[in-house]
Visitor: 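The structure's right below; bear with me while I get my questions together.
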Amino acid sequence: MNSLYAGIYRLVAQIPPGQVATYGQIASMMQRCGARQVGYALAAMPDDVDIPWHRVINARGEISARSGGSGESEQKRRLLAEGVVFNRGRVDFEACGWPGPDWRWLERHGYRVFPD
DNA sequence: AGATTGACTGCAT
DNA sequence: CATGCAGCCAATC
């Protein structure tokens with residue numbers, strides 16, 4: 001497990017229940033990491049770690065389709081169970097969007113505090 | 001070392 | 001609103 005993946009996992013683990021974050025949002029908090037890497041990291045995520053991967057969705061507020069085929073319904077099911085609000089098939093960012101960890105948390109864990 | 005491949009994004013059409 | 005396309009960056013041939 002390299003540090004990039006570990007960093008992404010730790011960040012994703014900070015998303016509180018009932019809220020969601022986008023791939024790009026996670027990526028922008030990391031040093032030199034694109035949105036695709038976040039998805040790539042989640043796709044390669046080992047099963048022996050407990051990460052709320054279902055709270056990460058794409059910028060359009062929808063569940064991203066994965067190569068595996070299934071898993072999207074599972075993701076939506078978990079989100080609904082946490083009380084995430086869906087509006088016309090998309091997550092309502094106004095109500096459930098994750099504002100992000102506070103700056104102190106980011107600093108303590110070595111993430112980028114200010115964008116460039 | 002170069003090409004391909006993604007759970008992505010933003011802008012243009 | 002749907003598609004297309006370029007930019008993106010680490011992992012994998």
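In what follows, chains are A, B, ... by sequence order, proteins preceding strands, each numbered from 1. Remember, it's a predicted structure, so these values are computed and weren't measured experimentally.
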Visitor: What's the verdict on side chain to side chain contact (heavy atoms under 4.5 Å, CB included) for A:W105 and A:L11, showing C-alpha distance, side-chain angles and the deciding distance?
Guide: CA-CA 10 Å; A:W105 188 95; A:L11 198 43; 3.7 Å; yes
Visitor: I'd like a list of close polar pairs between nucleotides 1-5 of chain B and the protein, N/O only, cut-off under 3.5 Å.
Guide:
none

Visitor: Please state whether the phosphate of B:dC8, meaning OP1 or OP2, lies under 4.0 angstrom from any side-chain nitrogen or oxygen of A:S64.
Guide: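 Result: yes.
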Visitor: Using a heavy-atom cut-off of under 4.0 Å over every strand shown, decide if A:A65 touches base, sugar-phosphate, or nothing.
Guide: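 Since only primed, P, OP1 and OP2 atoms lie under 4.0 Å of A:A65, the category is sugar-phosphate.
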Visitor: Does A:Q37 or A:Q25 map to a spot on DNA chain B nearer the 5' end, using the closest nucleotide for each?
Guide: A:Q37
Visitor: Does atom CZ of A:R104 have more than 12 heavy-atom neighbours from other groups under 6.0 Å away?
Guide: no
Visitor: Report all side-chain donor-acceptor pairs from residues 86-99 of chain A shorter than 3.5 Å, counting only partners two or more places apart or in another chain.
Guide:
{"residue": "A:D92", "atom": "OD1", "partner": "A:E94", "partner atom": "N", "Å": "3.0"}
{"residue": "A:D92", "atom": "OD1", "partner": "A:A95", "partner atom": "N", "Å": "3.4"}

Visitor: Would you kindly give the CZ-to-C1' distance between A:R78 and B:dA7, to the nearest whole Å?
Guide: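 Spelled out: CZ on A:R78 to C1' on B:dA7 is 14 Å.
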Visitor: Search all heavy atoms of A:I8 against all heavy atoms of A:V38 and return the closest pair with its distance.
Guide: CD1-CA, 4.0 Å
Visitor: Once you round to the nearest 0.5 Å, how far does CG of A:L79 lie from CD1 of A:I63?
Guide: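 If I round to the nearest 0.5 Å, the distance is 5.0 Å.
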Visitor: Quick one: A:Y9 OH to C:dA10 P, roughly how many Å, whole number?
Guide: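 Those two atoms, OH and P, are 15 Å apart.
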Visitor: Just wondering, are more than 12 heavy atoms of other shown residues or ligands nearer than 6.0 Å to CG in A:D102?
Guide: yes
Visitor: Nearest whole angstrom, please: distance from the P of B:dG10 to the OH of A:Y23.
Guide: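 Atom-to-atom, A:Y23 to B:dG10, this comes out as 14 Å.
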Visitor: Categorize A:A43 for me: base, sugar-phosphate, or nothing, with a 4.0 angstrom heavy-atom threshold over every strand shown.
Guide: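 Since a base atom lies under 4.0 Å of A:A43, the category is base.
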Visitor: Are A:R78 and A:E74 ion-paired here, with the side-chain N under 4.0 Å from a carboxylate O?
Guide: yes
Visitor: Which heavy atom of A:R10 sits nearest to which heavy atom of A:Y111, and what is that distance?
Guide: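 That closest heavy-atom pairing would be CB-OH, 3.6 Å.
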Visitor: Could you tell me the separation between the CD atom of A:Q31 and the C1' atom of C:dC8, rounded to a whole number of Å?
Guide: 16 Å
Visitor: Just the rounded figure in Å: distance from P of B:dA7 to CZ of A:R55.
Guide: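 The distance from CZ of A:R55 to P of B:dA7 comes to 22 Å, rounded to the nearest Å.
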Visitor: Side-chain contact, heavy-atom cut-off 4.5 Å: A:Y23 with A:Q37?
Guide: no
Visitor: If the sugar-phosphate is the primed atoms plus P, OP1 and OP2 and the base is the rest, what is the B/S/- string for nucleotides 1-7 of chain C, using protein heavy atoms under 4.0 Å?
Guide: ------B
Visitor: What integer distance in Å separates A:E62:CD from B:dG10:P?
Guide: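 So the CD-P distance, A:E62 to B:dG10, works out to 14 Å.
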Visitor: OP1, OP2 of B:dC8 versus side-chain N and O of A:T22: anything below 4.0 Å?
Guide: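 No, outside the criterion.
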Visitor: Rounded to the nearest angstrom, tell me the gap between atom CE in A:M30 and atom C1' in B:dC8.
Guide: 15 Å
Visitor: Check every strand shown and say whether A:G34 touches a base, only sugar-phosphate, or nothing at a heavy-atom separation below 4.0 Å.
Guide: sugar-phosphate
